[in-house]
Amino acid sequence: DGGLATYDPGFVNTASCRSSVTFIDGDKGILEYRGYPIEQLAEQSNYLEVAYLLVNGKLPNKAEYEAWAHDVTYHTFVHENLKTFMQGFRYDAHPMGMLLASVGALSTFYPESRNIFDEESRALQIRRLIAKMPTLGAFAFRHAQGKPYVYPDNELSYTANFLSMLFKMSEPKYAADDRLVRALEILFILHADHEQNASTNAVRAIGSTQVDPYTAVAGGIGALYGPLHGGANEAVLKMLRRIGSVDNVPSFIEGVKAGDERLMGFGHRVYKNYDPRAKIIKKAADDVFEVTGINPLLKIAVELEKIALEDEYFVSRKLYPNVDFYSGLIYEALEFPPEMFTVLFAIPRTSGWLAQWLEMLNDGDQKIARPKQIYTGERGTQYVPMGDR
Ligand code: SDX
């Protein structure tokens, strides 16, 4: 294996690295943030507290939490020039493309963020990014709706503020019941970090060149955008719509087994058992549908899961529902359009990306990312003038 499978400081951010942020046991379906089981955090915590835990390595006491919440709330606004920048996109620009560009652009507003070895500045940029992601995500959503952008209301909690910037003057269902706001809070907690996934690896690799955190997080957003990663939640809804009814599920499954389709929201590089997040999301979906009424696509999803968990093709490949299989159904019930689903993944994942970025900078062993390669091309070939080729 050319040593790719073992930890090697010279090749960190490639096949493996050391981290104490998130623990996953793929065979047992275990996920812990800083040692706390995800089930306890989803049940008892809130997203801003989990973000503090990931970044600082411990749960905050009351005074620490209040200071953290105040500091993050203080930074929810973005510069008016950045809002103007966002208004330059086409009317139908994908919100993830807008988010990617806007977060990258943020680095030009804070040149001091390039001083990544200044602890004060690092802590300030982390608070700024966690605070501004919902604002940028909501601006992108309002842009796509052709509606005026709504400024943050700093009297509201982190998640309620986000919903207000999205849906103000639209009378959405979520205002009907706190259970919907809580469902979004739980989804944010579940999406906050996930060890060395593709987008976190991108943030570490870009950050290892000692660039500013806005640029590194913009790279993470780019990786998350892909349908095999964060884009899967949007792809699941499109797949369920394409299947159209429970009666069509068996023929769709045959198409998957023939290699003509991919069962989006299923499978995982690490989990070879049920993704613990999928279990929690399924329960949250049941609570949401008590308020909004059952999404007809849920029946198709449940039937897909039932057949797949019994079918040899999926069982032999250890393919189970992952975090993306049911999350889109909740987002749809909260009246988000599919193109916003991956933005809803990027916003909470920002605290995990930043926790891992900070850990990388603090780990003296870390060097610039430089993946090993196994060369498979020609050697010693001689140049031939154009006329003789
Ligand atoms: C996320 O890494 C993370 O932690 C990511 C994430 C996070 O929180 O950051 O958990 C979030 O990205 C979840 C995954 C979301 N993506 C999807 O739901 C897209 C559908 N899933 C697959 O594309 C796939 O399962 C991956 C990309 C998630 C994992 O791919 P792997 O581990 O590289 O698996 P593989 O492609 O090597 O597949 C192994 C076998 C293959 O069959 P054979 O070639 O052996 O015959 O399983 C098959 C694959 O064809 N397979 C699937 C399948 N996933 C794998 N077949 C049908 N449907 C699928 N979904």
Side-chain angles (χ1 to χ4, degrees), residues 13 15-17 19 21-27 29-33 38 41-42 50 54 96 186-204 217 219-240 242-243 249 252-281 301 304-305 307-309 311-329 338 341-356:
N13 298 309
S16 66
C17 72
S19 176
V21 179
T22 292
F23 172 78
I24 297 173
D25 180 323
D27 294 328
I30 292 173
L31 169 58
E32 296 168 353
Y33 292 162
I38 193 67
L41 294 171
V50 166
L54 289 168
M96 273 299 273
I186 290 170
L187 283 162
F188 273 19
I189 290 169
L190 296 176
H191 284 85
D193 193 55
H194 209 244
E195 203 220 58
Q196 302 312 315
N197 58 84
S199 54
T200 298
N201 192 266
V203 170
R204 278 180 170 260
V217 167
I221 294 170
L224 193 70
Y225 198 171
L228 290 191
H229 190 12
N233 51 21
E234 180 179 352
V236 167
L237 256 288
K238 287 179 178 161
M239 172 188 74
L240 295 175
R242 201 154 45 82
I243 293 169
V249 167
F252 178 81
I253 290 284
E254 288 315 306
V256 172
K257 291 158 70 172
D260 304 331
E261 299 277 1
R262 187 141 274 231
L263 181 46
M264 302 310 277
F266 256 69
H268 198 278
R269 176 61 58 80
V270 177
Y271 289 123
K272 298 309 172 192
N273 194 328
Y274 216 98
D275 182 334
R277 301 168 297 177
K279 269 188 203 141
I280 299 168
I281 290 174
L304 271 171
E305 177 183 349
I307 295 181
L309 293 187
D311 187 295
E312 183 47 27
Y313 174 92
F314 299 91
V315 173
S316 63
R317 291 169 174 80
K318 298 187 177 180
L319 301 177
Y320 293 88
N322 60 46
V323 67
D324 293 304
F325 191 61
Y326 286 109
S327 55
L329 290 169
F341 293 3
T342 313
V343 169
L344 295 166
F345 195 147
I347 291 170
R349 183 53 59 92
T350 300
S351 56
W353 286 332
L354 290 167
Q356 302 254 1

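Whatever order the structure lists them in is the order used to number ligands and atoms, beginning at 1.
Inside a 4.0 Å radius of atom 49 (C) of ligand 1 there is at least one protein heavy atom. In this structure, atom 30 (O) of ligand 1 is not in close contact with the protein, since no protein heavy atom lies within 4.0 Å of it. For atom 25 (O) of ligand 1, the nearest protein heavy atom is under 4.0 Å away. At a distance under 4.0 Å, a protein heavy atom can be found next to atom 60 (N) of ligand 1. Protein heavy atoms are absent from the 4.0 Å sphere centred on atom 37 (O) of ligand 1.
Under the 4.0 angstrom criterion for non-hydrogen atoms, Tyr313 is in contact with ligand 1. Using a 4.0 Å cutoff on heavy atoms, Arg277 counts as a contact of ligand 1. The closest approach between any non-hydrogen atom of Val270 and ligand 1 is not below 4.0 Å.
In this structure, Arg204 and Ser19 have side chains that are in contact, with non-hydrogen atoms separated by less than 4.5 Å. No side-chain heavy atom of Phe314 sits under 4.5 Å from any side-chain heavy atom of Ile307. Phe188 has its side chain out of reach of Val50: every pair of non-hydrogen atoms, C-beta onward, lies at least 4.5 Å apart.
Nearest to atom 19 (C) of ligand 1 by heavy-atom distance, out of Met264, Lys272, Glu195, is Met264. When the heavy-atom distances from atom 51 (N) of ligand 1 to Arg262, Lys257, Gln196 are ranked, the shortest goes to Arg262. Of the candidates Gly265, Ala235, Gly267, it is Gly267 that places a heavy atom closest to atom 28 (C) of ligand 1.
In this structure, Arg269 places its CZ atom where only 12 or fewer heavy-atom neighbours from other residues, nucleotides or ligands lie under 6.0 Å away. Within 6.0 Å of NZ in Lys257 there are more than 12 heavy atoms belonging to other residues, nucleotides or ligands.
Distance from atom 58 (N) of ligand 1 to its nearest protein heavy atom, with residue and atom name: Leu263 N, 3.0 Å. Of the protein's heavy atoms, Arg317 CD, 3.5 Å lies nearest to atom 47 (O) of ligand 1. Given atom 2 (O) of ligand 1, the protein heavy atom at minimum distance is Asn197 CB, 3.4 Å. The nearest heavy-atom contact from the protein to atom 52 (C) of ligand 1 is Leu319 CD1, 3.6 Å. Closest to atom 9 (O) of ligand 1 among all protein heavy atoms lies Arg349 NH1, 2.9 Å. Scanning the protein heavy atoms around atom 6 (C) of ligand 1, the nearest turns out to be His268 NE2, 3.7 Å. Closest to atom 32 (O) of ligand 1 among all protein heavy atoms lies Arg269 NE, 3.0 Å. Distance from atom 14 (C) of ligand 1 to its nearest protein heavy atom, with residue and atom name: Asn322 ND2, 3.5 Å.
In this structure, OG1 on Thr200 lies 9.0 Å from CD on Glu195, to the nearest 0.5 angstrom. Separation of atoms CG (Leu304) and CE (Met264) is listed at 13.0 Å; rounding is to 0.5 Å.
Here the shortest heavy-atom pairing between Gly267 and Asn322 reads O-ND2, 2.9 Å. Pairing each heavy atom of Tyr320 with each of Lys272, the nearest pair is CE1-O, 3.4 Å. Residues Ala192 and Ser351 share a closest heavy-atom pair of CB-OG, 3.9 Å. Residue Ile186 comes nearest to Ala42 through the heavy atom pair CG1-O, 3.7 Å, listed as atom of the first residue, atom of the second, then distance.
Classification of the Phe345-His229 ring pair by plane angle, with boundaries at 30° and 60°, yields perpendicular. Ring geometry, Tyr271 versus His194: the interplanar angle falls from 30° to 60°, so the pair is classed tilted.
Heavy-atom contacts of Ala232 reach the following atoms of ligand 1: 15 (C), 16 (N), 17 (C), 18 (O) (cutoff under 4.0 Å).
Only the side chain of Val256 comes within 4.0 Å of ligand 1, judged by heavy-atom distances.
An N or O contact shorter than 3.5 Å links His194 to ligand 1 by distance. Polar contact with ligand 1: absent for Phe314 (N/O pair, distance under 3.5 Å).
Partner Ile280 forms a side-chain contact (heavy atoms from CB on, under 4.5 Å) with one of Val323, Leu187, Ile38, Leu31 and no other, that one being Ile38.
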